[in-house]
Number of protein chains: 2
Amino acid sequence: MEGQRLPGALNPSHFPAKLWQLVNSPRFGSVRWDARGEGLLIDQRLFERELLGAAPAGQGAALTAAFFKTRNFPSFIRQLNLYGFRKLGPGPLQGLAGGDGGGSAGPLLHFHSPHFRRDRPDLLVHLKRLTSANKAKLAAGLQVPSRPPQRSQRLLGAALHGDPALLPSRLGEAARPGELGWAPAWW
Amino acid sequence: MEGQRLPGALNPSHFPAKLWQLVNSPRFGSVRWDARGEGLLIDQRLFERELLGAAPAGQGAALTAAFFKTRNFPSFIRQLNLYGFRKLGPGPLQGLAGGDGGGSAGPLLHFHSPHFRRDRPDLLVHLKRLTSANKAKLAAGLQVPSRPPQRSQRLLGAALHGDPALLPSRLGEAARPGELGWAPAWW
DNA sequence: GGTTCTAGAACC
DNA sequence: GGTTCTAGAACC
């Protein structure tokens with residue numbers, strides 16, 4: 001399980017953290033690592049059913065866990081591109097994807113970012129939202145700050161990942177009512 | 001049935017002609033006119049099944065008529081935008097869409113172009129592919145030429161639409177073998 | 001920062 | 001000209 005812990009410095013409500021949790025979660029099969037742990041394999045059909053609440057055609061829209069706010073798969077792709085992921089086409093690199101993944105319903109999309117690797121959660125902090133402003137800063141060699149998670153978010157993350165180092169040690173620092181009394185629907 | 005005939009000047013292999021035939025075809029329910037005949041109502045779920053060969057989830061990909069070359073719905077949207085269609089959001093205009101369309105499987109997308117109206121096939125010639133070059137020409141008040149359909153395509157269109165004026169009147173002008181010996185799979 | 005709609009560009 | 005991938009911009 002090493003390498004699957006979400007670094008505490010990441011804001012769990014932002015896309016990189018959510019994606020990290022998603023790919024490492026046994027709950028979901030639509031997003032997983034490729035054979036080398038250096039890219040993402042995404043089963044669009046399964047993704048829409050698991051995460052976007054798409055009904056199996058004929059049934060009404062099922063209410064589903066709100067991992068993402070959207071109901072549209074293209075918005076997820078937009079997020080990937082916005083954070084610098086690139087699609088890997090069919091070819092030698094794609095060949096490393098690693099099989100059909102066992103019962104996948106549809107074709108797999110293969111995406112890659114140099115800052116998103118299974119064994120390198122420390123690189124996640126380099127995933128930046130590539131707005132034009134941020135790109136200009138990065139091009140100029142400047143730093144792009146990340147808003148750190150709020151106290152309640154850090155507590156939640158620590159609780160979810162069982163990281164005692166991040167949990168309050170004294171009662172006086174304990175979570176206020178409501179602060180830890182919930183969990184995301186997708187967990 | 002007036003107004004559903006494809007103008008002979010249009011190249012039937014290009015997007016505007018295909019879209020016109022699609023929305024006026026009784027074969028397909030995924031694309032149809034809104035209540036005013038001034039916009040398109042598109043049922044993405046049905047569109048993917050009818051025209052892109054999407055399997056009903058679980059089954060393998062079904063082989064389907066090749067109305068479009070793509071298997072991806074976003075490519076169809078890209079075409080709409082490329083030809084100047086804009087999406088109408090929920091609101092007063094959207095309210096004119098006209099019901100759920102009778103058994104539509106999913107939510108409807110509403111798109112509009114001033115050159116695409118049920119009762120005005122004569123406007124279709126103004127639908128231009130909005131490349132940056134074409135947009136510059138249009139902005140300069142210049143004309144953007146359309147490649148006219150080839151002889152075989154004119155003949156096919158005339159035959160499909162039963163337009164005797166466009167069909168050869170003498171045997172010497174008749175179609176050569178193979179020229180009319182086929183029809184699109186989707187017809 | 002996330003989501004949505006549209007457009008640029010490259011490839012076919 | 002059609003298709004695909006990525007990005008800009010506006011809105012939330």
Are A:Leu109 and A:Asp43 packed together at the side-chain level, in the sense that at least one heavy-atom pair is separated by less than 4.5 angstrom?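 Contact flag for A:Leu109/A:Asp43 side chains = no.
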Under the side-chain hydrogen bond (donor to acceptor under 3.5 Å, both in side chains) test, which residues partner [X], sequence neighbours left out?
X        : answer
A:Asp122 : A:Arg120
B:Glu38  : none
B:Gln79  : none
B:Lys128 : B:Ser146

Before you tell me yes or no, could you show the steps for A:Leu40 and A:Phe116 under side chain to side chain contact (heavy atoms under 4.5 Å, CB included), namely the whole-Å CA-CA distance, both residues' side-chain angles and the distance that decides it to 0.1 Å? CA-CA 9 Å; A:Leu40 294 172; A:Phe116 202 89; 3.7 Å; yes
Could you list the protein-to-nucleotides 9-12 of chain D atom pairs, N/O on both sides, closer than 3.5 Å?
none

Short side-chain N/O contact to [N] OP1/OP2 from [X], under 4.0 Å:
X       : N     : result
B:Thr70 : D:dT3 : no
A:Tyr83 : C:dG1 : no
A:Lys69 : C:dG2 : no
B:Lys18 : D:dG1 : no

So what does B:Lys135 touch, heavy atoms closer than 4.0 Å: a base, only the sugar-phosphate, or nothing?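 Sugar-phosphate, no base atom in range.
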Need one value for B:Phe111: base, sugar-phosphate or nothing, where a base atom within 4.0 Å counts as base even if backbone is also close, heavy atoms only.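 Sugar-phosphate contact only.
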Co-members of the apolar cluster containing B:Leu123 [side chain, <4.5 Å]: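 Besides B:Leu123, the hydrophobic cluster comprises nothing; the residue is isolated.
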Nearest heavy atom decides the nucleotide; on that basis, is B:Asn72 or A:Arg86 closer to the 5' end of DNA chain D?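 Per heavy-atom nearest nucleotide, the more 5' residue is B:Asn72.
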What is the separation between atom [atom1] on [X] and atom [atom2] on [N], rounded to the nearest whole Å?
X        : N     : atom1 : atom2 : answer
A:Leu80  : D:dT6 : CG    : P     : 9 Å
A:Arg71  : C:dG2 : CZ    : P     : 19 Å
B:Leu127 : D:dG1 : CG    : P     : 13 Å
A:Asn81  : C:dC5 : CG    : C1'   : 15 Å

Which listed nucleotide (C:dC5, D:dT6, D:dT3) is nearest to the side chain of B:Gln79?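 Ranking C:dC5, D:dT6, D:dT3 by closest atom to the B:Gln79 side chain puts D:dT3 first.
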Checking contacts here: which listed nucleotide (C:dT4, C:dG2, D:dG2) is nearest the side-chain heavy atoms of A:Ser75?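 Of the options given, the side chain of A:Ser75 lies nearest C:dT4.
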